[in-house]
Structure formats: C-alpha cells, structure tokens
Amino acid sequence: MNIFNLTISTTLCYAWLVSLGFCGVVNEAQTLLDRLGYNAGIADGIYGQKTHRALENFYTELGFEYDGVLDAAELNDLKKSVFGR
C-alpha cells in the first residue's frame, strides 16, 4: 500500500468515525425533541427536515432563533428542558 492509498484510507476512517458521532447527537436530539412533544420523526440519527423544523419550533417557543447547527449546545438545551438541569 502506498502513502496515497494509506492517506485516503485514513481520511475515510476518520470521516466515518466523525459521522458516527454526529449520528449519535442527532439520534439523542430526536429522542429528546419527541419527548418534549416536537415531531422530530423517528430517532434514526439522520438530520433531516423534520429534525430541523422541530429544533426551530423548540427554540421559537423559548424565544430564540435556531442557528441551524446541531451540536452539544443544542443537546444541553434539550436536556435542560426534559430533565430540568
């Protein structure tokens, strides 16, 4: 295996691992949104229109605007709403 193939393989592995992590974030957000009564769809880890709309509605009801980026900050806000922490 030459260095070019090794670099591509390594990059693809990292991309795959990162996407797995993001799927977990999306899945957790979908579950929390559904618990709060927002229709995020099935908790499948896929960030689609329903999940995006549910996050927009969640933040609108809190008096904020959703920035369109689902990350740890959004998960913390959802957890606070569900668990009161």
Side-chain angles (χ1 to χ4, degrees):
M1 182 179 276
N2 66 35
I3 191 72
F4 180 73
N5 288 339
L6 183 61
T7 302
I8 289 176
S9 296
T10 303
T11 302
L12 290 174
C13 285
Y14 284 132
W16 181 72
L17 290 171
V18 168
S19 70
L20 280 179
F22 183 67
C23 288
V25 169
V26 175
N27 194 339
E28 187 173 3
Q30 290 168 326
T31 300
L32 294 168
L33 285 162
D34 286 338
R35 282 186 71 177
L36 290 166
Y38 299 96
N39 182 11
I42 296 170
D44 57 6
I46 298 170
Y47 184 81
Q49 294 271 345
K50 280 187 171 184
T51 304
H52 184 85
R53 235 183 339 258
L55 282 162
E56 285 179 328
N57 293 334
F58 169 73
Y59 279 105
T60 297
E61 287 191 19
L62 291 177
F64 299 103
E65 188 173 327
Y66 175 52
D67 63 5
V69 178
L70 175 55
D71 57 23
E74 282 71 23
L75 278 182
N76 286 334
D77 292 341
L78 290 166
K79 287 176 185 178
K80 284 179 190 173
S81 291
V82 170
F83 303 114
R85 301 184 221 166

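Within a 6.0 Å radius of CD1 in Ile42, other residues, nucleotides and ligands contribute 12 heavy atoms or fewer.
Considering CG of Leu36 and CD of Glu61, their distance stands at 9.5 Å, rounded to 0.5 Å. The distance from the CG atom of Leu33 to the CG atom of Asn39 is 9.5 Å, given to the nearest 0.5 Å. Of the inter-residue distances, the one linking Lys80 atom NZ with Leu32 atom CG reads 13.5 Å to the nearest 0.5 angstrom. Atom NZ of Lys50 is separated from atom CZ of Arg53 by 8.0 Å, given to the nearest 0.5 angstrom.
For Tyr38, the ring pair (Phe, Tyr, Trp, His ring centres under 6.0 Å) criterion is met by Phe58, not counting sequence neighbours. Every residue two or more places apart in sequence or in another chain was checked for a side-chain contact (heavy atoms from CB on, under 4.5 Å) with Thr60, and none qualifies. Under the rule for a side-chain hydrogen bond (donor to acceptor under 3.5 Å, both in side chains), Asn57 has no partner lying at least two apart in sequence or in another chain.
Here the side chains of Arg35 and Leu78 are not in contact, with every heavy-atom distance at 4.5 Å or above. Counting heavy atoms from C-beta on, the side chains of Asp44 and Gln30 come closer than 4.5 Å. Counting heavy atoms from C-beta on, the side chains of Val25 and Asp71 never come closer than 4.5 Å. The closest side-chain heavy-atom distance from Glu28 to Lys79 is below 4.5 Å.
Shortest non-hydrogen contact noted between Gly41 and Asp34 is O-OD2, 2.8 Å.
One N or O on the side chain of Thr31 and one on the backbone of Asn27 form a donor-acceptor pair closer than 3.5 Å.
Grouping the Ile, Leu, Val, Met, Phe, Trp and Tyr side chains by contacts below 4.5 angstrom, directly or via other members, places Val69 apart from Leu62.
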Please assess Val26 against Ile46 for the test side-chain contact (heavy atoms from CB on, under 4.5 Å), listing each intermediate value before the final yes or no. CA-CA 6 Å; Val26 175; Ile46 298 170; 5.7 Å; no
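Taking the six-membered ring for Trp and thresholds of 30 and 60 degrees, Tyr59 and Tyr66 have nearly parallel ring planes, at less than 30 degrees apart.
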